[in-house]
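These numbers come from a predicted model, not from an experiment.
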Amino acid sequence: MTLYAGPIFDCDTHLYEKPDAWRRYLPEKYKDWEFHFKTGEDGEHALFIGDRRVEATAGYVTEDGRVAPPGQLHEWLRAIKEGRENVDMRVHMTPDMVDRDARIAKMDEFGVEGCTLYMGWMNAGHAYLTEPESAYEVIHAYNRYLDEDWGFAYKNRIFTAPLLTLMDLDRAVQEAKWVVKQGARLVVMPMGPVHGKPPAHPDHDPFWSVLNEAGVHVAYHVGE
């Protein structure tokens, strides 16, 4: 069998957020909306937004910061399906999970020329942002973190996707213009209608025109 020897572009990679990812740029007024890890009354360690637990994260990461082992998804899911205790499978985070230069070094190790990079815990957490004003403050603070720590087109190899939502059209346009100005080539958005209107509804045209004119691609995410 002939082995592929051409260039590799990874279209589905993720990051792990640093502990201050949500609070670094979040205005004090909205601190009640800050995401943070803690152990709940039931003993499970999980991501919380205020007093609400992000259910998909419960039991995924340990109190000392260990996470599911990369490259062993099938083994991990099999252990869950079989009801086996799999804490011993977890590993401590490595620099390439949280740092862009370490990630590029890891890409070089595996011969990967470029990648799209998506959110980590925020993949499950964004579904909990249901109040428009605070949602946009949290999202903008988070996008600023992504831009500062990862960049939206770092060395033209790591293309990080900031988060956008159509909950409020004016704020959506504002945030779209900001990420475009920062060099975003790709964005991620929650899937489904907003206020009873599909994403492609003509009322949303001002938002889409910003992305279309900049040639920005869109990926949809279901959330939790």
Do any N or O atoms from the side chain of [X] and from the backbone of [Y] form a donor-acceptor pair under 3.5 angstrom?
X: T62; Y: R66; answer: yes
X: E17; Y: W121; answer: yes
X: N143; Y: V179; answer: no
X: H126; Y: L163; answer: no
X: H45; Y: D64; answer: no
X: H201; Y: D203; answer: yes
X: R90; Y: Y60; answer: yes
X: H140; Y: V138; answer: no
X: D99; Y: P95; answer: no
X: R100; Y: D96; answer: no

Do NZ/NE/NH1/NH2 and the carboxylate oxygens of [X] and [Y] come within less than 4.0 Å?
X: K29; Y: E133; answer: yes
X: D20; Y: K18; answer: no
X: R157; Y: D108; answer: yes

Item to check | Residue pair V67, H92: steps toward the side-chain contact (heavy atoms from CB on, under 4.5 Å) verdict | outcome: CA-CA 6 Å; V67 297; H92 286 287; over 6 Å; no
For a quick test of reading the model, state the closest non-hydrogen atom pair linking [X] to [Y] and the distance between them.
X: E34; Y: H36; result: O-ND1, 3.1 Å
X: A68; Y: V91; result: O-CG2, 4.3 Å
X: V216; Y: A184; result: CG2-O, 3.4 Å
X: T57; Y: A124; result: CG2-CB, 4.5 Å
X: H204; Y: P199; result: ND1-O, 3.1 Å
X: T165; Y: A172; result: O-CB, 3.2 Å

Heavy-atom distance under 4.5 Å between the side chains of [X] and [Y], does that happen here?
X: R103; Y: W150; result: yes
X: V61; Y: Y16; result: no
X: T116; Y: D10; result: no
X: E44; Y: E55; result: no
X: K177; Y: L211; result: no
X: L166; Y: F207; result: yes
X: L164; Y: E175; result: yes
X: Y128; Y: V54; result: yes

Item to check | No-hydrogen, no-angle side-chain donor-acceptor test under 3.5 Å, E131 and S134 | outcome: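 Side chains of E131 and S134: pair found under 3.5 Å.
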Next on the checklist: Could you check whether Y136 and Q174, counting side-chain N and O atoms only, form a donor-acceptor pair closer than 3.5 Å?
Outcome noted: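 Side chains of Q174 and Y136: no pair found under 3.5 Å.
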Next on the checklist: The test is side-chain contact (heavy atoms from CB on, under 4.5 Å); show your working for M122 and F35 and say whether it passes.
Outcome noted: CA-CA 9 Å; M122 192 62 153; F35 287 84; 4.1 Å; yes
With a 4.5 Å cut-off on side-chain heavy-atom distances among I, L, V, M, F, W and Y, is there a chain of contacts connecting [X] to [Y]?
X: I104; Y: F9; answer: no
X: F48; Y: M119; answer: no
X: Y154; Y: F159; answer: no
X: Y4; Y: M107; answer: yes

When you look at [atom1] of [X], are more than 12 heavy atoms from neighbouring residues, nucleotides or ligands closer to it than 6.0 Å?
X: K38; atom1: NZ; value: yes
X: H217; atom1: NE2; value: no
X: D51; atom1: CG; value: no

Checklist entry - Do R24's NZ or CZ and the ring of Y145 fall within the cation-pi criteria of under 6.0 Å and 45°? => result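 No cation-pi geometry.
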Next on the checklist: Within 45 degrees of the ring normal and closer than 6.0 Å to the centroid, is that where the cationic atom of R144 sits relative to Y25?
Outcome noted: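 Positive - R144 is close enough to the ring of Y25 and near enough to its axis.
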Checklist entry - Listed by chain and number, what are the ring-ring contact (aromatic ring centres under 6.0 Å, His included) partners of H14, not counting sequence neighbours? => result Y118
Item to check | Derivation and outcome, side-chain contact (heavy atoms from CB on, under 4.5 Å), residues V180 and V210 | outcome: CA-CA 8 Å; V180 166; V210 174; 4.2 Å; yes
Checklist entry - For the residue pair F152 and W178, does the interplanar ring angle fall in the parallel (under 30°), tilted (30 to 60°) or perpendicular (over 60°) class? => result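 F152 and W178: perpendicular rings.
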Checklist entry - Which is it for W208 and V218 under the side-chain contact (heavy atoms from CB on, under 4.5 Å) test, yes or no, and what are the steps along the way? => result CA-CA 10 Å; W208 291 116; V218 178; 3.6 Å; yes
Checklist entry - Roughly how far, to the nearest 0.5 Å, is the CD1 atom of I8 from the SG atom of C115? => result 12.0 Å
